Amino acid sequence: MGLSGLQIYKLLPKTNCKECGYPTCLAFGMKLAAKQAELSACPYVSEEAKAALEAASAPPIRLVTVGSGEKKVEVGNETVLFRHEKTFYHQPGLFVRLKDTVPLSEFEAVVEQIREYSIERVGIELWVDGIAIENASGDAANFAKYVAAVRAKTERPLVLIASDPVSMASALEQTDGSAPLIYAATTENWNEMAELAAKHKAPLAVRADGDFGVLAELTEQVKGLGLEDIVLDPGIRDPHGSLVALTQLRRLALKSNFRPLGYPIVVFPGEGASSAEDEAIQAAQHIAKYAGIIILDHFDPATIYPLLTLRLNIYTDPQKPIQVSPGLYEISSPQPDSPLLVTTNFSLTYFSVAGEVEGSGKPTWLLVADSEGMSVLTGWAAGKFDAEKIAKSVQQFGVPSKISHKKIVIPGLVSTILGELEEELPGWEILVGPREAIHIPAYLKTWK
Amino acid sequence: MPVTVEIPKEKWTGKVREVTLGATAAAGGTRKKTVTVGGESTLPFLTFEGEMPNPPVVALEVQDAYPDDWSALLKEVWGDTLHDPAAWAQKAEEYGADIIALKLQSAHPEGGNTDAAHAVETVKSVLATTGLPLIIYGPGQPEKDNEVLVAVAEAAQGERIALGNCEEKNYRTIVAAALANDHLVVNKTPIDVNLAKQLNILVNDMRLDLDRMLMDPTTGALGYGLEYSYSVMERLRIAALTGDSMTQQPMICTVGEEAWRAKESKVNEGVPAAWGDWARRSTNWEVITATMLIESGANIVVLRHPDSVKLVKEAIASLRAH
């Protein structure tokens, strides 16, 4: 465990064939040491070296794929406990659970709603990842019918929930090749469930309530049958217990490099919740700490939208704020005599400003300067959004050729650059706008 | 055979300071109860490896001027009480708040520009209708903050009110008023570990004891910078537990103010259908912001909607129960 890149390199073929996707064997060795690559990417590694490297080369939390196609869900492969230490990589999949006991037409209607649900935030499209179908009827043929009904409506990733391997087998006949998550193998049925997972090349959830020892034994047994794509359910449903369990599981994987529990985790926030609102709170907790698959019992846009927003927030790379392209943006078809505002290209800043301008209904030119993704004040403090940069952007994006006046509105937070900007843009009138985006519509009403 | 699993535990060496808001008659004040926050020697709710003696608590925000710019949803639920800070505070206590966060908004020069005498009257009336401890904020304009907070501190001597905000450019007068009249202060800094630490040092240099300071690392609402607050607070809390003395103040977050400023909570005109039901969405916005920050280390969250108080208190209870 914990071999250095150089130690790993000594065990590699040293041919620099590049077939692993890295330029040299040393580079590949470094990636393996950083747990960002898998040894199987090397076609020429010897069996001997493989055995020696296996323990050190796998990521501490295995990357597991649920579903197939462009909306498949990839979870796991996390490397830190706190996002500020680096970043969280694979955001948890959000699934909605439906039972095979609701009337089929109602069931199909909800599936359609989930399929059609889509919302854009800071230029990124967000959606519900997939659907979990529970064999609440206990009837195998009925379960298969409902699973087939979902498959007829959507290609989205699925989670199949049944304790009876017979039911699971009949449902899997309807989903071949689409790698649904099989939920779940337990001490009673693991052998049959594992065989089904192997046969259908599907990931398998393993459940042992409240006992990591039993859970680890199960994953080892399942692994013994050749399965690698495992998802854990530690079976704890109260918020305190689940926070503790998921923290301990992530620590075991990352700090102790404990392989038997180095897998993503599935959670059911609704099962320990006292209300739909409480389910939302618990789902939020699990987005931050530390679920891979979250199965909700309610499909309510008023909850889904905040949860998708939270997931976007928590899984934003702290070192790389989301940026928009610098340029001159046209909002509501501006004319040459429309107002001109300037702001930064930090996505949150841009979308707050653009949203307010749009909401005001006033046709406006919005000049977005390249602040390297920093917000107004941070950009100003770092010299990335100063008078020089704004003046440069005015020329770079051909502002004078598009507008007939020489007036530019700067954010109220950087009113101190007014004098400098007057020097940088001779002949221009520099106007100081509001400090907060929310006051832009009122400001634009008074603009002349 | 079940596998033997050894759980890795953190051995933290530091802990968060305990800070008590409010003073009862026995301690020279008039509060019916006091609230103590902080004291934990572990990350939020991870009690398998440390103590969390005092739960996070919930404050409700009260203003002394009718909050005309508030969301219609808030105006509806609070009704006429919004015109009377004393009645509003009383109602907030009934809704289950642990603390009243009173903002002396009417003193703002661009608003009512009311004077120190008016602020004192307001505070006295609120102290009379609620037995809860108080946090009192000035209007957020440096000169007026100093003017009204000094007067209020004197008038409410001995009540152990938290006075805010102390900011890097404006803390001396407020700290002096807290020192002279046995109050606490709220140190506010813009989302940065080192700035937070620095202000605690500056205020402590004025001889204000560390058990009389809260820190506000600045709140970003869900979708509006939440992740920055979340990570800065996790870093501050880890620093505190690692033994960095000047980061060990309990943390306060102005969740209601930020969450209800978000377009998602504030308005319902012309928004996409995919945003869902307005009332439920707004509650989720405030409650998820609050619980996320509590899980990253907040000791006090200041909220605006009564429903949020109930939900956040239930969440805190279930995060502590075991």
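Quick caveat, the model's predicted, so the values are computed rather than measured. Keep in mind that the numbers below use all heavy atoms, side chains included, and drop hydrogens, waters and symmetry copies. Lettering of chains follows the sequences in order, A, B, ..., and the numbering in each one begins at 1.
- Interface check for chain B: of the options A/Gln221, A/Lys289, A/Arg121, A/Glu277, the most heavy-atom pairs under 4.5 Å are formed by A/Arg121.
- Heavy-atom distances place the backbone of B/Ala321, and not its side chain, under 4.5 Å from chain A.
- The contact list for residues 226-241 of chain B toward chain A, using heavy atoms and a distance under 4.5 Å, reads B/Leu226, B/Glu227, B/Tyr228, B/Tyr230, B/Ser231, B/Glu234, B/Arg235, B/Ile238 by residue number.
- For A/Tyr315, the ring pair (Phe, Tyr, Trp, His ring centres under 6.0 Å) partners two or more places apart in sequence, or in a different chain, are A/Phe88.
- Judged by distance alone, the side chain of A/Asp278 and the main-chain N or O of B/Leu311 form no donor-acceptor pair under 3.5 Å.
- Between chain B and the options A/Glu85, A/Gln248, A/Glu120, heavy-atom pairs under 4.5 Å are most frequent for A/Gln248.
- Nearest heavy-atom pair across A/Leu252 and B/Pro8 is CD2-CD, 3.6 Å.
- Interface residues of residues 281-288 of chain A toward chain B, defined by a heavy-atom distance below 4.5 Å and sorted by number: A/Ile281, A/Ala284, A/Gln285, A/Ala288.
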Query raised in the report: Between B/Glu10 and A/Lys255, does a salt bridge (charged side-chain N to carboxylate O under 4.0 Å, His left out) hold up when you go through it step by step?
Result: CA-CA 11 Å; B/Glu10 294 287 352; A/Lys255 294 197 159 187; 2.5 Å; yes

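- Closest approach of A/Gly355 to B/Lys263, counting heavy atoms only: O-NZ, 4.1 Å.
- For the pair B/Leu319 and A/His240, the tightest heavy-atom approach, listed with the atom from each and the gap, is O-ND1, 2.8 Å.
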Query raised in the report: Going through the distances and angles, do A/Ile438 and B/Lys266 end up as a side-chain contact (heavy atoms from CB on, under 4.5 Å)?
Result: CA-CA 11 Å; A/Ile438 202 162; B/Lys266 196 161 184 180; 3.9 Å; yes

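- Contact record, A/Pro306 with B/Asn284: CG-CB, 3.8 Å, taken as the closest heavy-atom pair.
- Heavy atoms closer than 4.5 Å to chain A are found in the side chain of B/Glu264, but not in its backbone.
- Looking at heavy atoms from C-beta onward, B/Leu43 lies in side-chain contact with A/Phe82 at the 4.5 angstrom threshold.
- Put simply, of A/Asp300, A/Thr316, A/Leu261, A/Asp238, the one with the most heavy-atom pairs under 4.5 Å next to chain B is A/Asp300.
- For A/Ser352, the part sitting under 4.5 Å from any heavy atom of chain B is the side chain, from C-beta outward, and nothing else.
- Contacts between A/Thr247 and chain B at a heavy-atom distance below 4.5 Å involve the side chain alone, from C-beta outward.
- A cation-pi contact, defined as under 6.0 Å to the ring centre and within 45° of the axis, is absent between A/Arg251 and B/Phe48.
- Of all residues in residues 301-309 of chain B, none places a non-hydrogen atom less than 4.5 angstrom from a non-hydrogen atom of chain A.
- Counting heavy-atom pairs under 4.5 Å between each of A/Leu310, A/Leu249, A/Val214 and chain B puts A/Leu310 at the top.
- In summary, of the residues considered (B/Ile7, B/Leu46, B/Thr47), a side-chain contact (heavy atoms from CB on, under 4.5 Å) with A/Val244 occurs for B/Leu46 alone.
- When every heavy atom of B/Ala274 is checked against every heavy atom of A/Ile119, the shortest pair comes out as CB-CD1, 3.6 Å.
- For A/Tyr117, the part sitting under 4.5 Å from any heavy atom of chain B is the side chain, from C-beta outward, and nothing else.
- Among all heavy-atom pairs drawn from B/Gly223 and A/Asn313, the shortest one is N-OD1, 2.8 Å.
- Ranked by heavy-atom pairs under 4.5 Å with chain A, the first of B/Trp285, B/Phe45, B/Tyr224 is B/Trp285.
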Requested in this report: Kindly indicate, with the supporting measurements, whether the criterion side-chain contact (heavy atoms from CB on, under 4.5 Å) is fulfilled by A/Phe212 and B/Thr4.
Outcome: CA-CA 8 Å; A/Phe212 288 171; B/Thr4 306; over 6 Å; no

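- Residue contact with chain A, scored on non-hydrogen atoms closer than 4.5 Å, is absent for B/Pro190.
- For B/Ile288, the part lying near chain A is the side chain, with the backbone staying farther off; criterion is any non-hydrogen pair under 4.5 Å.
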